[in-house]
Amino acid sequence: MNTAKELAKRGVHILRAGIWKPRTRPNGFEGKGSVALQWMVKAREASGLPIATEVANAQHVEACLNAGVDVLWIGARTSVSPFAVQEIADALKGTNVPIFVKNPMHADLSLWMGAIERVRSTVEGPVWAIHRGFSQYGQKEYRNAPMWEIAIGLKMAMPEVPIICDPSHIAGNRSLLHPVAQKAMDLGMDGLMLETHPDPQNALSDANQQLTPAAFGDLIESLTIRSASAPKISSADLTALRLQMDSIDEQFIELLHARMDLARQIGLHKWEKGMTILQMERWKEVFDTREKWATRAGLSPEFIQNFLEQVHKESIRVQNEEMTSKISRS
Ligand code: PEP
Ligand code: MN
């Protein structure tokens, strides 16, 4: 109630709260269940804000529709499953409650689009997407890799679907919320979903990423919202910059082509010497040196690492092709 009232003063449009919380392992805080629906209704009365919660099956949908919840969202652990999404879509048939569809846990644009399509095929109301980043193995800077290109891919494939960014689940940590939220605004995202708690450290879930309502207000105030209709550079400048970028990309592709040619030659050599394609030591050395060069050039090592992984995958494919053609000829 405290959070709801405080947020209403700070220009929030919708109040979100998880009632059924899908936890990775049992014994975490799994939410209060249906009893909390009435608490949310009370929070709506006290704050004047529409309320939203996560639904993961048909019973959740039914309970929310009965309680008059204003907005429902499908979580990242649910949007991975076409069966679960279809069950929810069927339970929503003919209603016009706005639905938010979070991106699936793993980086799969089609799966995200598929979930949106299933919901759109049964509900009459608006369907929005939520970009909350993608699960990754191991401890990384972000709790979930943002992979902005996938959100941009959705924008391009479904321009009519507004996208809300969820910096809380991308960052996983208060200190990273601002840059993620700013980036979302710079990319023209249509809104933000942020977790708040009056006493963040003692929150029952995701304590590290919670903000007090006051800190939430400060974060929103500190964002620079650039308007698409007030460009900072004239269109002539923009054209010149784009032409330079085209030329760099062209050179880039030529360099990649030359690199693949070398990979082919190395593949041939490995075949002649009876070596395996994947040479772990060499790969590690490539990785370490490039990471150093990236840091020196002020590029993010994470970006270069992802980029090199793709290049390496293609080199292996090319070398495999080379060896297979040698074997079939010999
Ligand atoms: C949430 O929104 O609190 C949540 C559980 O998020 P996600 O489905 O993105 O993990
Ligand atoms: Mn959460």
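Whatever order the structure lists them in is the order used to number ligands and atoms, beginning at 1.
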- request: Give the residue and atom name of whichever protein heavy atom lies nearest to atom 8 (O) of ligand 1, and the separation in Å to one decimal.
  value: A76 N, 2.9 Å
- line: In terms of heavy-atom contacts, S168 and L194 come closest through OG-CA, 3.4 Å
query: Which residue owns the protein heavy atom closest to atom 4 (C) of ligand 1, what's the atom, and how far is it?
result: H169 NE2, 3.4 Å
Considering only N, O or S atoms of H169, the one closest to the Mn ion (ligand 2): NE2
- line: Within 4.0 Å of some non-hydrogen atom of R77, the atoms of ligand 1 are 7 (P), 8 (O), 10 (O)
- request: Look at atom 3 (O) of ligand 1 and say which protein heavy atom is nearest, naming residue and atom and giving the distance to 0.1 Å.
  value: R16 NH2, 2.9 Å
message: What protein heavy atom lies closest to atom 5 (C) of ligand 1? Include the residue and the distance to one decimal.
response: E54 OE1, 3.9 Å
field: Protein heavy atom at shortest distance from atom 6 (O) of ligand 1
entry: K102 NZ, 2.9 Å
- request: Would you mind telling me if ligand 1 is within reach of the side chain of M193, the backbone, both or neither, using heavy atoms under 4.0 Å?
  value: neither
Residue from I130, V80, L154 passing side chain to side chain contact (heavy atoms under 4.5 Å, CB included) with W112: L154
message: For K21, state whether at least one heavy atom is located under 4.0 Å from any atom of ligand 1.
response: yes
query: What's the shortest distance from atom 9 (O) of ligand 1 to any protein heavy atom, and which residue and atom give it?
result: R132 NE, 2.6 Å
Degrees at the Mn ion (ligand 2) between the OD2 atom of D206 and the OE2 atom of E195, nearest 10°: 120°
message: Using a strict threshold of under 4.0 Å (side-chain N to carboxylate O), is an ion pair present between E314 and R317?
response: yes
M105 touching ligand 1 at heavy-atom level, < 4.0 angstrom: no
